[in-house]
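Some notes on the structure that comes next.
Chain letters run A, B, ... following the sequence lines, proteins first, then strands; residues in each count from 1. Below, each value reflects all heavy atoms present in this structure, side chains not excepted, and no hydrogens, waters or symmetry copies. These numbers come from a predicted model, not from an experiment.
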2 protein chains.
Amino acid sequence: MTEVTKDLYQVKEKMYVATDCIIFGFHEGKLKLLVFKRRVEPLKGEWSLIGSFVRLDEDLEVAGKRVLKEATGLENVYMQQLRSYGKKDRDPGYRCISVAQYALIRIDDYDEKLVEEHGAKWFEIDHLPLLILDHNRMVHDALIQLKQIARYKPIGFELLPEKFTIPQLQILYEAIYQRELDARNFRKKVLSLNVLEKLDEKDKSTSKRGAFLYKFNYENYQRLLKSGYNFEIA
Amino acid sequence: MTEVTKDLYQVKEKMYVATDCIIFGFHEGKLKLLVFKRRVEPLKGEWSLIGSFVRLDEDLEVAGKRVLKEATGLENVYMQQLRSYGKKDRDPGYRCISVAQYALIRIDDYDEKLVEEHGAKWFEIDHLPLLILDHNRMVHDALIQLKQIARYKPIGFELLPEKFTIPQLQILYEAIYQRELDARNFRKKVLSLNVLEKLDEKDKSTSKRGAFLYKFNYENYQRLLKSGYNFEIA
DNA sequence: ACAAAAGTGTTGGCCCTACACCCATGC
DNA sequence: GCATGGGTGTAGGGCCAACACTTTTGT
């Protein structure tokens, strides 16, 4: 970056840096996205991702976590930067670059009141409304990356409650990949990874017989990763 | 983004947005990175990626391509955004977020004079010097993504001259994956993809017998992608 | 007793890996 | 004629996909 460039930059108007959060959840067998009704002009009343300007004294990731917490009350959530969107005319109001970050949350953990205050709503991933600006594009890109990453990281577990059944896990993966999976093969595969701990309880909410509950074993997952992972689901 | 946030933002000092280019090339069987001697204070004389502030009237991608062209004279180059780096203290001078973008260039195409004017040098990827700020981190992250993407996109071809031999292609993939590949299996795999066109010429620069030259067939690649790609090299 | 979801094994095909020798040519 | 890299085929194993029936239990 030359001195010339720097001067040119400084005489012009301001560059804004924002971050937008793509918040995924999972509920009733569907992958969902948390969408917000915009409170300020322009585009007031339109559906939108939730975002904020990045503060000068704030790390980029911290800004994402702050936004997420303000909206849902949640902390210590799986969050990952997607990429930045920087078309010069992407926002009619400002010259604004947005860093998109996506989060996976356990949908029954979040603070429902807080979410309501923000005028937010969960939408099924394949029935999203029209969002402002390039937000639909962001979600689309995030979904692609989610599918990719789900192949070699156990991110699926971030979206389920601590205890879950194998059929539940399967339905989640089916929602992410948007296709059906074979129950026998799926069970075989995930159990062969040795990262699930079978519990003595059953969940009887979905069948008379009941399905055994499992929980994720993070230590085994770490060991698996180190010893040359062949971790890959579906 | 609330009004409160916006005001808070505006009373503070400026946020800068830069882009840094990770320029990969391939030469003499080695994957290389183009590194620049920094011309301005602070950190003048240190090795660095080349970058620039993003102009207010300029798309993010355009900024990356501009920087690349200023440094190498090249246009129409494969370029991809990596991600943004936004630790609040990552640059001691400014509060600056940098969007890292990487490019793959054919190393014999670039404008050598231009590069020399910038005080630039090609370094082998596993003998990089210490770079300023978080630039080594950027390169590290870019390499990981390069390996990933090389598995399902034929990016390797961007790094070779238009006509190349199969052994050359193999050496390139070995450089990217940093491990040796089996020559028979490699040849079988890439030929089975049907994206290489065998030419009638041979390259005799590396052996008496000579190796047949091939070129990449973009149409076949497009068809392959659409018809459910099982495209995966190494 | 029946409905509804949970759970369980085997087989065939494909792809990947490993591996050793002949070919063409310049010197 | 020999040294150097280019080019070729096969066999075994592992992994994945496809597939149907029994178990449990609430009603």
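Every residue was checked against the side chain to side chain donor-acceptor pair (under 3.5 Å) condition with A:Asp109, not counting sequence neighbours, and none meets it. Checked against side chain to side chain donor-acceptor pair (under 3.5 Å), B:Gln148 has no partners two or more places apart in sequence or in another chain. Scored by the ring pair (Phe, Tyr, Trp, His ring centres under 6.0 Å) test, B:Phe157 finds B:Phe164, B:Phe216 as partners (sequence neighbours excluded). Considering only residues two or more places apart in sequence or on other chains, A:Gln170 meets the side chain to side chain donor-acceptor pair (under 3.5 Å) condition with A:Glu174. Taking B:Lys32 as the reference, B:Glu28 meet the salt bridge (Lys or Arg N to Asp or Glu O under 4.0 Å) condition, with sequence neighbours excluded.
Summarising the geometry, the separation between CD on A:Glu180 and C1' on D:dC16 is reported as 18 Å, rounded to the nearest angstrom. Taking atom NZ of residue A:Lys198 and atom P of nucleotide C:dA6, one finds them 13 Å apart after rounding to whole Å. Summarising the geometry, the separation between CD1 on A:Ile171 and C1' on C:dA4 is reported as 13 Å, rounded to the nearest angstrom. Whole-Å rounding puts the A:Phe212 CZ to C:dA5 P distance at 19 Å. Summarising the geometry, the separation between CZ on B:Arg151 and C1' on C:dC16 is reported as 12 Å, rounded to the nearest angstrom. Between the NZ atom of A:Lys189 and the C1' atom of D:dC15 there is a distance of 9 Å, rounded to whole Å. If you take CG of B:Leu181 and P of C:dA18, they are 11 Å apart, rounded to a whole angstrom. We find that CZ of B:Arg179 is positioned 11 Å from C1' of C:dC16, with the value rounded to whole Å.
With hydrogens and angles disregarded, no donor-acceptor distance shorter than 3.5 Å links the side chain of B:Arg106 to the backbone of B:Leu159.
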What pairs of donor and acceptor atoms, side-chain ones from residues 203-215 of chain B against any protein atom, are under 3.5 angstrom apart with sequence neighbours left out?
{"residue": "B:Asp203", "atom": "OD1", "partner": "B:Ser205", "partner atom": "OG", "Å": "3.0"}
{"residue": "B:Asp203", "atom": "OD2", "partner": "B:Ser205", "partner atom": "OG", "Å": "3.0"}
{"residue": "B:Ser207", "atom": "OG", "partner": "B:Gly210", "partner atom": "N", "Å": "2.9"}

Report all side-chain donor-acceptor pairs from residues 75-82 of chain A shorter than 3.5 Å, counting only partners two or more places apart or in another chain.
{"residue": "A:Glu75", "atom": "OE2", "partner": "A:Lys69", "partner atom": "NZ", "Å": "3.4"}
{"residue": "A:Tyr78", "atom": "OH", "partner": "A:Gln80", "partner atom": "OE1", "Å": "3.0"}
{"residue": "A:Gln81", "atom": "OE1", "partner": "B:Ser84", "partner atom": "N", "Å": "2.6"}
{"residue": "A:Gln81", "atom": "NE2", "partner": "B:Ser84", "partner atom": "O", "Å": "3.0"}

For residues 116-125 of chain A, dump all side-chain donor-acceptor pairs below 3.5 Å to protein atoms at least two apart in sequence or in another chain.
{"residue": "A:His118", "atom": "ND1", "partner": "A:Leu114", "partner atom": "O", "Å": "3.0"}
{"residue": "A:Trp122", "atom": "NE1", "partner": "A:Tyr110", "partner atom": "OH", "Å": "3.1"}

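The salt bridge (charged side-chain N to carboxylate O under 4.0 Å, His left out) pairs that include a residue from residues 127-150 of chain A are A:Arg83-A:Asp141, A:Arg90-A:Asp134, A:Arg137-A:Asp141, where partners are two or more places apart or lie in different chains.
Contact annotation: A:Arg187 side-chain N/O to C:dG7 OP1/OP2 distance is under 4.0 Å.
A salt bridge between B:Lys87 and A:Glu61 is present, with a side-chain N of the basic residue lying under 4.0 Å from a carboxylate O of the acidic one.
For the contact set between residues 200-208 of chain B and DNA chain D, defined by any heavy atom under 4.0 Å, the members are B:Thr206, B:Ser207, B:Lys208. A heavy-atom distance below 4.0 Å to DNA chain D is reached by none of the residues of residues 159-170 of chain A.
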Below 3.5 Å between N/O atoms, which protein atoms pair up with nucleotides 19-22 of chain D? Just atom names and distances, please.
{"residue": "D:dC19", "atom": "N3", "partner": "A:Arg184", "partner atom": "NH2", "Å": "3.2"}
{"residue": "D:dC19", "atom": "N4", "partner": "A:Asp182", "partner atom": "OD1", "Å": "3.4"}
{"residue": "D:dC19", "atom": "N4", "partner": "A:Arg184", "partner atom": "NE", "Å": "3.4"}
{"residue": "D:dA20", "atom": "N1", "partner": "A:Arg184", "partner atom": "NH1", "Å": "3.2"}

